[in-house]
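The structure appears right after this line, and notes come after that.
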Amino acid sequence: MLDLAKTRNGTLGLPNHAEVTPDGHSVLFLRSGPFDTHLHLYRYDLSDHAIHELAAPASGPEHLSVEEKARRERARQSMSGITDYQMSEDGGTVLASQGGQLERIATDDGRVTPVEGQWIAPRLSPDGLSLAAVRDNDLYSVDLVSGRETRLTTGGSDTLSHGLAEFAAAEELERADGAWWSPDSKTILFEEADNSDVEKHYITNPETPQAEPVTFRYPRAGTNNAKTRFGLVDAKGGPIRWISWDHDAWPYLGRVVWRKNAPLAIVLLNREQTKEQLLTIDPATGATHLLLEQSDPAWIELDPRAASGGHNLPVFLDNNAGFLWAADRGKDWQLELHTPDGKLQRVLTPPGLSYIALNDYDAEHNSLTVTVRANRLDNEVVHIDLKTRAVTPFVTERGIHNIHVTNGTHTAMVDTFASAAGTRQTLVRDTAGHVVATLPGVAQTPKLPVHVEFTTAGARDLDAAIIRPDHFSASKHYPVVLSVYAGPGVKLVRDTPTAFLDDQCLANQGYIVVTLDGRGTPGRDHDFERAIKGNLIDLPLQDQVDGLQALGKRYHEMDLSRVGVHGWSFGGYFTAMATIRRPDVFKVGVAGAPPVDFADYDTAYTERYLGTPQDDPEGYHKSNVLAYADTLQQPLLLMHGITDDNVYFENTMKLTQALLHAGKPYDLLLLPGTHMLPDPVIRARVAQRREQFLHAVLQPGK
């Protein structure tokens, strides 16, 4: 387990964030060593397969500001070194980011020029000549040739920021940016976020009691969000043109799209996230125009492209031919063509191919490259001819493909591919899908064979993965461990054996490990995912139990009298609920970082599924672990990072207090760090402690 943890299950040393240069001749990518998290920036030449290092991380430990640490936590960025880079539109300039330090790289000769100053959230202009970035919560533009700084906003403070995404957008809406360049590099759209009415949360690290607590503005469900507004400003400075819409009715800005030869467009949500608007904006005045509006009685899901390397929608077609949009208004996600005035013209993806992401629009050939769901475990990539409407699959190898096509480049694409055969590669493909290069990695391939069987279980045909131990014998009976998430937005059962390495390690201790995707998880259909509206636990818990019992009837080697459960985050929440509420099924549980009371979790996530505590107190009560704590009968181990700023430690603290008052024994493992636990030794020790706790009850080998 420690060897796997040191390599992050063989992912350290894999190429990532790969982009084909606009000329199509080379690929830029980031890569660490096989046993470290220090990312370097490389260029890979497609003609001779040579690799060149463009930027290396500075030696010594990183010293990150509180703001940069929080930004990385929101982005789930746990690597170090060159954690990001951006290319100019012509590919001639690259901006490399290391914490607050920036370097400008000329790709023709590799010349590196440091950018003076400490900057947060830098954004390179399309022409590569300027930078938009934040210092002391105000937005600046920086001329990268002369070094001249222009302050674009004033008044930045601990509670008022310019050019940064507010917590709700960064954490829950998959919008990391708070500033966007116009295609001509002359204007910047930016966010102003006023957090003065957002609750203060304080995090103290007991390891350093002499240090002052760190203050975060955290919007709990039913409390105030940041007040935001969005303005347009000339990159050389001047008056701000504030964009006008009803911010009280539409407080969440989910997407910004500003491309060449197309309108500036934004996607808005109401606070309940049951309605969505697409607006275009006149950059000269800030005036808005409504293109379309849609609603869902449960909740609206924003376009899911962010997880699959695609483009933000809408994408406007050439010659005023309309725009592309995606929605799950029917059973499945579908890619749609709308007329210029917003009316639905036709659905582009046929029934049975659920849309995942738009990867490319090639105006010259009037065609699209689109990732679709081939089945519930695999995806594939298709061409769609906008004239003939023909849909042609061309990347069909089983597994999960994440396709990225650099804007303006239609000759090659990057495919970050986790295959059904158990490999992980970063491939460069041509437009026909043929592999023209494999980006070189230095990762240590795990030598642990993964014995996973994919099947379905129960009356609802739930996707299931069964992981059996080495030297498995069908004549023996094995205790069962449910490795679970069971919450919104995450599907665990996919045709990628490398995703089950941790489960295999656990199975090899003498268990059969089972993972199930029940109601509330994505990847099935609209109603399956939204079945949890108003109650986050009852249906998911029933599905997991039903699925386990169905598998136990089919596979007699599973000893359902000895079942344990473990999970992290929502999986930790589910584990605590399952252990407490179904002691007849689960004999032991290990719950990591559980959001115990969703009234203590953030607005944008929680209110999407439960509304506010004021509007639906019963839904919050049913979904609250504390409501059932006094009935705990089985052993329960709680684990939590004491400085977690996503699921605050107060969640586990409240549960331990409830159990203590009820006279219920429990076990507690306090962890250093935040929600992600990037330290490999800590991750390994967590896994070892989990297995020890399960072993004491389930007794594998008996």
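Numbers for residues simply follow the sequence, beginning at 1.
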Do any side-chain atoms of residues 229-243 form donor-acceptor pairs under 3.5 angstrom with protein atoms, and if so which ones, sequence neighbours left out?
residue: Arg229; atom: NE; partner: Glu192; partner atom: OE1; Å: 2.7
residue: Asp234; atom: OD1; partner: Lys236; partner atom: N; Å: 2.7
residue: Arg241; atom: NE; partner: Pro283; partner atom: O; Å: 2.9
residue: Arg241; atom: NE; partner: Ala284; partner atom: O; Å: 3.3
residue: Arg241; atom: NH2; partner: Pro283; partner atom: O; Å: 3.2

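- The side-chain contact (heavy atoms from CB on, under 4.5 Å) search around Asp318 returns Tyr361, Ala363, not counting sequence neighbours.
- Here the side chain of Thr204 pairs no donor or acceptor atom with the backbone of Pro206 at under 3.5 angstrom.
- Taking the charged nitrogens against the carboxylate oxygens, Glu276 and Arg255 have no contact shorter than 4.0 Å, which rules out a salt bridge.
- Ring to ring, Phe649 and His640 are close: their centroids are under 6.0 angstrom apart.
- By the side-chain contact (heavy atoms from CB on, under 4.5 Å) test, Asp177 is found to be paired with Arg123, Trp180, residues two or more places apart in sequence or in another chain being considered.
- For His17 and Phe29, the ring centers are positioned 6.0 Å apart or more.
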(Q) ring-ring contact (aromatic ring centres under 6.0 Å, His included) for Tyr218 and Tyr648? Distances and angles first, verdict last. (A) CA-CA 10 Å; Tyr218 185 83; Tyr648 280 75; 4.7 Å; yes
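- With sequence neighbours left out, Ser88 forms a side chain to side chain donor-acceptor pair (under 3.5 Å) with Asp90.
- Here the side chain of Gln98 pairs a donor or acceptor atom with the backbone of Ala58 at under 3.5 angstrom.
- A side-chain donor-acceptor contact under 3.5 Å links Asn225 and Tyr252.
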Scan the side chains in residues 132-140 for donor-acceptor partners under 3.5 Å anywhere in the protein, sequence neighbours excluded, and list what turns up.
residue: Arg135; atom: NH2; partner: Glu149; partner atom: OE1; Å: 2.8
residue: Asn137; atom: ND2; partner: Ser157; partner atom: O; Å: 2.8
residue: Asp138; atom: OD1; partner: Thr153; partner atom: OG1; Å: 2.6
residue: Asp138; atom: OD1; partner: Thr154; partner atom: N; Å: 3.4
residue: Asp138; atom: OD1; partner: Gly156; partner atom: N; Å: 3.3
residue: Asp138; atom: OD1; partner: His162; partner atom: ND1; Å: 2.9
residue: Asp138; atom: OD2; partner: Arg151; partner atom: NH2; Å: 2.6
residue: Asp138; atom: OD2; partner: Gly156; partner atom: N; Å: 3.0

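- With Thr107 contributing its side chain and Gly92 its backbone, the two residues share a donor-acceptor pair below 3.5 Å.
- Residue pairs that meet the salt bridge (charged side-chain N to carboxylate O under 4.0 Å, His left out) test with at least one member in residues 214-225, sequence neighbours left out, are Glu199-Arg220, Arg220-Asp600.
- In this structure, His52 has its ring center no closer than 6.0 Å to that of Tyr42.
- One side chain, Asn646 or Tyr601, offers a donor N or O that lies under 3.5 Å from an acceptor on the other.
- Side-chain polar atoms of Thr159 and Asn195 form no donor-acceptor pair below 3.5 angstrom.
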